[in-house]
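Reviewing the structure listed below.
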Amino acid sequence: MSEIHNELESCYILAVETSCDETSVAVVKDGKEVLSNLIASQVETHKAFGGVVPEVASRKHVENVTLMLEEAVRKAGIGLNDLSAIAVTQGPGLVGALLVGVVAATSLSLALNKPLIGTHHIAGHIYANRLVANLEYPCMALVVSGGHTELVYMKSEGNFEVIGRTRDDAVGEAYDKVARAIGFPYPGGPHVDRLALEAEEAVDLPRVWLEPDSYDFSFSGLKSAVLNVVNQRKMRGEPILESAIARGFQESVVEVLVTKAIRAVRAYEAKQLLLCGGVAANRGLRQELERQCREEGIELIIPPFEYCTDNAAMIGAAAYLKWKKGQFAGLDLKAMPQFSLEAWSVQES
């Protein structure tokens with residue numbers, strides 16, 4: 001099916017997200033109205049291992065997804081036959097986890113004879129912003145999550161150009177590793193954020209800018225600098241000063257992210273800056289980005305906390321772009337753990 005649909009026709013997309021350790025199913029109307037958005041978190045399961053165990057995550061998805069499909073439709077107040085399409089995260093993510101969602105969505109698409117839309121996980125994070133605001137193009141997205149740190153330029157709807165990416169650790173990974181170094185359990189990001197905001201002093205840590213014209217990021221050196229501080233203090237028998245380290249680390253991360261994002265907005269003459277991804281829930285990053293965008297006169301859009309972490313509503317919002325153009329997947333849809341965001345861009349008519 002490749003028919004372009006009338007935007008005046010109501011569209012109900014059932015979306016499935018299983019890229020990592022959250023099982024989520026949502027029903028989204030017209031790409032922006034969330035009728036239901038169910039999330040089953042596995043944080044408590046993986047906390048014992050200090051991180052996500054792929055095989056365990058996959059099994060949990062298998063246990064949860066069928067019941068959640070039924071409940072999401074019921075909670076949305078519609079019937080299965082009212083659905084316009086089935087959307088699913090095709091990648092990137094953990095291959096076993098992705099496969100659970102792809103098989104569930106493909107099976108439902110076949111059973112209901114509804115179009116299937118393979119959706120990019122990062123496109124979902126970006127278009128989570130459309131659930132709360134109208135997007136104006138061209139715009140710039142700062143993607144910050146456990147596995148991704150990217151600056152994405154969008155000259156038009158559904159058109160993605162990655163202009164900067166991390167060369168090593170993503171921001172979320174760096175937060176978790178630093179949290180572990182100063183004695184906090186997985187997931188460590190919220191602990192570091194809280195400590196940083198409460199601290200009265202900060203350990204001085206480096207900022208990694210890379211080449212003068214680069215929009216890329218690097219956080220492995222900063223992580224190593226934190227480990228050096230911790231080890232040196234332990235060797236001298238001194239207290240670790242967790243709060244001061246957390247504040248120093250967060251200030252370094254935030255300064256680099258905010259500076260490069262604002263520079264990119266100016267260079268590409270973007271009308272809006274979108275913050276997206278799980279680390280968008282970080283209060284220190286939100287506050288500094290809001291402050292500097294206000295001073296610079298840049299319109300900043302940040303989704304509420306429930307749409308920052310992995311969720312299916314964002315997948316429904318992104319899938320709507322493909323639905324409008326009639327760009328559907330076949331029943332041979334494959335999970336793609338290394339899926340390119342640029343390759344997923346909506347094809348021009």
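In this chain, residues are counted from 1 in sequence order.
- Ion pair Glu295/Arg291 flagged as a salt bridge, since at least one NZ, NE, NH1 or NH2 atom sits closer than 4.0 Å to an Asp/Glu carboxylate oxygen.
- With rounding to the nearest 0.5 Å, the separation of CG in Leu83 from OH in Tyr12 is 10.0 Å.
- In the hydrophobic clustering of this structure, Phe339 does not group with Val16; members are Ile, Leu, Val, Met, Phe, Trp, Tyr whose side-chain heavy atoms approach within less than 4.5 Å, directly or through other members.
- Without hydrogens or angle criteria, Lys32 side chain to Asn134 main chain gives no donor-acceptor distance under 3.5 Å.
- Side-chain contact between Tyr127 and Ile315 is absent, with no heavy atoms from C-beta onward closer than 4.5 Å.
- Applying the 6.0 Å contact sphere to CZ of Arg59 captures no more than 12 heavy atoms from other residues, nucleotides or ligands.
- Under the 4.5 Å side-chain heavy-atom criterion for Ile, Leu, Val, Met, Phe, Trp and Tyr, Ile78 and Ile86 are members of the same hydrophobic cluster.
- Here the side chain of Arg165 pairs no donor or acceptor atom with the backbone of Asp216 at under 3.5 angstrom.
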Can you give the donor-acceptor pairs under 3.5 Å from side chains of residues 296-305 to other protein atoms, not counting sequence neighbours?
{"unit_1": "Glu296", "atom_1": "OE1", "unit_2": "Arg266", "atom_2": "NH2", "d": "3.3"}
{"unit_1": "Glu299", "atom_1": "OE1", "unit_2": "Gln272", "atom_2": "NE2", "d": "3.4"}
{"unit_1": "Glu299", "atom_1": "OE2", "unit_2": "Gln272", "atom_2": "NE2", "d": "3.3"}

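- At a threshold of 4.5 Å between side-chain heavy atoms, the hydrophobic network of Ile, Leu, Val, Met, Phe, Trp and Tyr places Leu275 and Val171 in one connected group.
- Distance alone, capped at 3.5 Å, is enough to place a donor-acceptor pair between the Glu173 side chain and the Ala170 backbone.
- In this structure the side chain of Arg283 reaches within 4.5 angstrom of the side chain of Leu197, judged on heavy atoms.
- In this structure, Thr106 contributes its side chain and Leu331 its backbone to no donor-acceptor pair below 3.5 Å.
- Side-chain contact check for His148 versus Pro92: some heavy-atom pair is nearer than 4.5 Å.
- In terms of heavy atoms, Asp30 sits closest to Ser10 at OD1-CA, 3.4 Å.
- How far OG of Ser24 is from CG of Leu38: 7.0 Å, rounded to the nearest 0.5 Å.
- Inter-residue side-chain proximity for Asn311 and Glu22 is flagged as unmet; no heavy-atom pair is nearer than 4.5 Å.
- The environment of Glu269 atom CD is sparse: at most 12 non-hydrogen atoms of other residues, nucleotides or ligands sit within 6.0 angstrom.
- Between Phe160 and Tyr153, a ring centre-to-centre spacing not shorter than 6.0 Å is recorded.
- Because its NZ or CZ atom is not both nearer than 6.0 Å to the ring centre of Trp209 and within 45° of the ring axis, Lys260 does not count as a cation-pi partner of that residue.
- Heavy-atom minimum distance, Ile126 versus Ala141: CG1-CB, 4.0 Å.
- Between the Asp21 side chain and the Val52 main chain, no donor and acceptor come within less than 3.5 Å of each other.
- Using a 4.5 Å heavy-atom threshold, the side chains of Leu333 and Val88 count as touching.
- Side chains of Ser220 and Asp169: a donor-acceptor N/O pair is absent below 3.5 angstrom, by distance only.
- Heavy-atom neighbours of Gln338 CD from other residues, nucleotides or ligands within 6.0 Å: at or below the threshold of 12.
- Checking side-chain atoms of Lys75 against main-chain N and O of Val27 turns up no donor-acceptor pair under 3.5 Å.
- When all heavy atoms are compared, the tightest approach of Gly316 to Ala15 is N-CB, 3.5 Å.
- For Glu201, the CD atom is loosely surrounded, since the number of other residues' heavy atoms within 6.0 Å does not exceed 12.
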TODO: Check step by step if side chain to side chain contact (heavy atoms under 4.5 Å, CB included) holds for Lys234 and Ile240.
DONE: CA-CA 7 Å; Lys234 284 181 177 178; Ile240 293 178; 3.7 Å; yes
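- Looking at Lys271 and Leu135, their side chains never come closer than 4.5 Å, going by heavy atoms from C-beta outward.
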- [ ] Please test Gln250 against Asn282 for side-chain hydrogen bond (donor to acceptor under 3.5 Å, both in side chains), starting from the C-alpha separation and ending with a verdict.
- [x] CA-CA 10 Å; Gln250 180 148 297; Asn282 181 283; 3.1 Å; yes
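- Under the 4.5 Å side-chain heavy-atom criterion for ILVMFWY residues, no single connected hydrophobic cluster contains both Leu321 and Ile13.
- Using the six-membered ring where Trp is involved, Trp323 and Tyr320 have ring planes that are parallel, under 30° apart on the 30 and 60° scheme.
- Between the CD atom in Glu157 and the CD atom in Glu136 there is a gap of 13.0 Å [rounded to 0.5 Å].
- For the atom pair CG (Leu14) and CG (Leu35), the distance works out to 11.0 Å, reported to the nearest 0.5 Å.
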Task: Verdict with reasoning, Ser218 to Asp168, per side-chain hydrogen bond (donor to acceptor under 3.5 Å, both in side chains) - done: CA-CA 6 Å; Ser218 173; Asp168 39 60; 2.6 Å; yes
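- Here the side chain of Trp344 pairs a donor or acceptor atom with the backbone of Gly118 at under 3.5 angstrom.
- Counting heavy atoms from C-beta on, the side chains of Asp176 and Tyr186 come closer than 4.5 Å.
- Heavy-atom minimum distance, Cys139 versus Leu274: SG-CD1, 4.1 Å.
- Side-chain contact between Leu241 and Arg233 is present, with heavy atoms from C-beta onward closer than 4.5 Å.
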TODO: Test Glu211 against Arg167 for salt bridge (Lys or Arg N to Asp or Glu O under 4.0 Å), laying out the working first.
DONE: CA-CA 12 Å; Glu211 301 82 9; Arg167 297 183 184 178; 2.8 Å; yes
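- Glu17 pairs in a side chain to side chain donor-acceptor pair (under 3.5 Å) with only one of the listed residues (Asn37, Thr119, Thr89), which is Thr89.
- A distance of 6.0 Å separates CG of Leu289 from CD1 of Ile262, quoted to the nearest 0.5 Å.
- Tracing side-chain contacts under 4.5 Å through hydrophobic residues (I, L, V, M, F, W, Y), one never reaches Leu341 starting from Val279; they form parts of separate clusters.
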- [ ] Any chance you could lay out the ring pair (Phe, Tyr, Trp, His ring centres under 6.0 Å) test for Tyr175 and Phe249, step after step, and finish with the verdict?
- [x] CA-CA 9 Å; Tyr175 265 93; Phe249 168 76; 4.9 Å; yes
Solution key, residues 64-72 side-chain donor-acceptor pairs under 3.5 Å, sequence neighbours excluded:
{"unit_1": "Asn64", "atom_1": "ND2", "unit_2": "Lys60", "atom_2": "O", "d": "3.1"}
{"unit_1": "Glu71", "atom_1": "OE1", "unit_2": "Arg74", "atom_2": "NE", "d": "3.0"}
{"unit_1": "Glu71", "atom_1": "OE2", "unit_2": "Arg74", "atom_2": "NH2", "d": "2.6"}

Task: Full working for salt bridge (Lys or Arg N to Asp or Glu O under 4.0 Å) between Arg194 and Glu198 - done: CA-CA 6 Å; Arg194 175 181 55 79; Glu198 294 173 353; 3.7 Å; yes
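- To the nearest 0.5 angstrom, Tyr307 atom OH is 5.5 Å from Leu131 atom CG.
- Between the side chains of Thr18 and His61, no donor N or O sits under 3.5 Å from an acceptor N or O.
- Under the 3.5 Å distance criterion, the side-chain polar atoms of Thr259 are left unmatched by any main-chain donor or acceptor of Val256.
- Across Ile117 and Phe328, no two heavy atoms sit closer than the pair CG1-CD2, 3.7 Å.
- Although no hydrogens or angles enter the test, the distance criterion places no donor-acceptor pair under 3.5 Å between the side chain of Arg180 and the main chain of Gly188.
- The main-chain N or O of Pro54 is found under 3.5 Å from a side-chain atom of Ser58 such that the two form a donor-acceptor pair.
- Of all the heavy atoms in Ser145 and Gly277, the pair that sits closest is CB-CA, 4.3 Å.
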